[in-house]
Amino acid sequence: MVVPSKVKTGHLDDIQELRRVQPSVVPERYVRENDEQPAQSMVCTSLEVPVINMQNLEGDCGYQELARLTAACQDWGFFQVVNHGIEEGLLDAMEVVAREFFMLPLEEKEKYPLAPGTIQGYGHAFVFSEEQKLDWCNMLALGVEPTFIRNPKLWPTKPENFSETLELYSAKVRSLCQRLLIHIAQTLGISSETFNQMFGEAVQAVRINYYPPCARPDLVLGLSSHSDGSAITVLQQDTACVGLQVLKDDTWVPVKPLPHALVINIGDTLEVLTNGKYKSVEHRAVTNQDRERLSIVTFYAPSYDVLLGPLPELVTQNEPTKYKTYNHGEYSRHYVTSRLQGKNTLEFAKIPTIN
Ligand SMILES: O=C(O)CCC(=O)C(=O)O
Ligand SMILES: [Fe+2]
């Protein structure tokens, strides 16, 4: 992986430690400019992202649920799935080992350092300058599949069953992604296996985000607004509080956790493949004053060597191609070496429009 040679990040606090030592302090580097402060933006609590029932989708009357999935992809780019078939016990086990990892002493977690400019390990990803505002979050990010993207030195050995649980969990999430991509292809009226065949040995990575409570949730962000570079993302969140918000019609809509549901969102790669018919959607995480929050996020994307561009079936005279064709590895490199900032990274793939 090519990373910027000398990334200067300045001092990066471990938020849990900061919080432990000085619970009421919010350093200036975390205080957002006015237009990014949660307290200054419009939040709509009456809207809810759609819920898709996988059992219905794969049952006898699947077409009704498929119509709901089509609307969810088109109007939201975000939905929750229930009856997805992943055992609740496995979801719970993953949450337990993830939480246990974050509860370890700092010296233990620092055995898996995320080096500046890289994206695997424990620490702060997507920090490229000393001026950049920081997210109120500690994260552990790991490449999972294909195995050559793994850095085994960064896989925690504590808690003891962490790696084993992550393996089991990732295998189930991988097959859920493949099932979802079949149904998403169906909503587009293209051959069901289009995406799975094209993706080859698909890339799968996991990021576990731990958001400690924050004395000033009105001023900081847990995670900056961004779209994901993946094709699709699967997010498991704890049910203790709400933190994820999705941008819909210039308003932030909180995603209220449903027990054992998984949140799915369309990433940049699917936006390009569908020629913009389905859009990757900006989202962010906010913090809570007295509650911590944990999310376990799986990014599913094509193999790095796949050449990507709008699918010919979705390019018409009325919908001419809006994105260029590029190598997916090239986009991934671009994504991980850019700051998280709305949908900026997708500019890479856009064909400039002539007005
Ligand atoms: O924690 C969350 O809810 C958001 C996480 C997220 O968007 C990400 O890790 O890409
Ligand atoms: Fe995300």
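The basis for the numbers below is simple: all heavy atoms, side chains too, and nothing from hydrogens, waters or symmetry mates. Since this is a predicted model, take the numbers as computed values, not measurements. Each ligand, and each atom within it, is numbered from 1 in the order the structure gives.
We find that Lys172 and Glu87 are joined by a salt bridge, their nearest charged nitrogen and carboxylate oxygen being less than 4.0 Å apart. In summary, Lys133 and Glu36 do not engage in a salt bridge, as defined by a charged side-chain N under 4.0 Å from a carboxylate O. With salt bridges taken as basic N to acidic carboxylate O contacts below 4.0 Å, none links Arg174 and Glu145. Salt bridge annotation for Glu271-Lys277: absent, with no cationic side-chain nitrogen under 4.0 angstrom from a carboxylate oxygen.
Using a 30° and 60° split on the angle between ring planes, Tyr30 and Trp136 fall in the perpendicular class, above 60°.
The side-chain contact (heavy atoms from CB on, under 4.5 Å) with His283 is formed by just one residue from the set Gln245, His226, Lys248; it is His226.
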Please report, to 0.1 Å, the donor-acceptor pairs under 3.5 Å made by any side chain of residues 259-269, with sequence neighbours excluded.
from   : atom 1 : to     : atom 2 : distance (Å)
His260 : NE2    : Asp92  : OD1    : 2.8
His260 : NE2    : Asp92  : OD2    : 3.4
Asn265 : ND2    : Asp228 : OD2    : 3.1
Asp268 : OD1    : Ser227 : OG     : 2.8
Asp268 : OD1    : Ser280 : OG     : 2.7
Asp268 : OD2    : Tyr331 : OH     : 2.6
Thr269 : OG1    : Gly229 : O      : 2.8

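Contact shell of ligand 1 (protein heavy atoms, cutoff 4.0 Å): Arg207, Asn209, Tyr211, Leu223, His226, Asp228, Leu235, Leu244, His283, Arg293, Ser295, Val297, Phe299.
The angle His283:NE2 - the Fe ion (ligand 2) - His226:NE2 amounts to 90°, with values rounded to 10 degrees.
Nearest N/O/S atom of Asp228 with respect to the Fe ion (ligand 2) is recorded as OD1.
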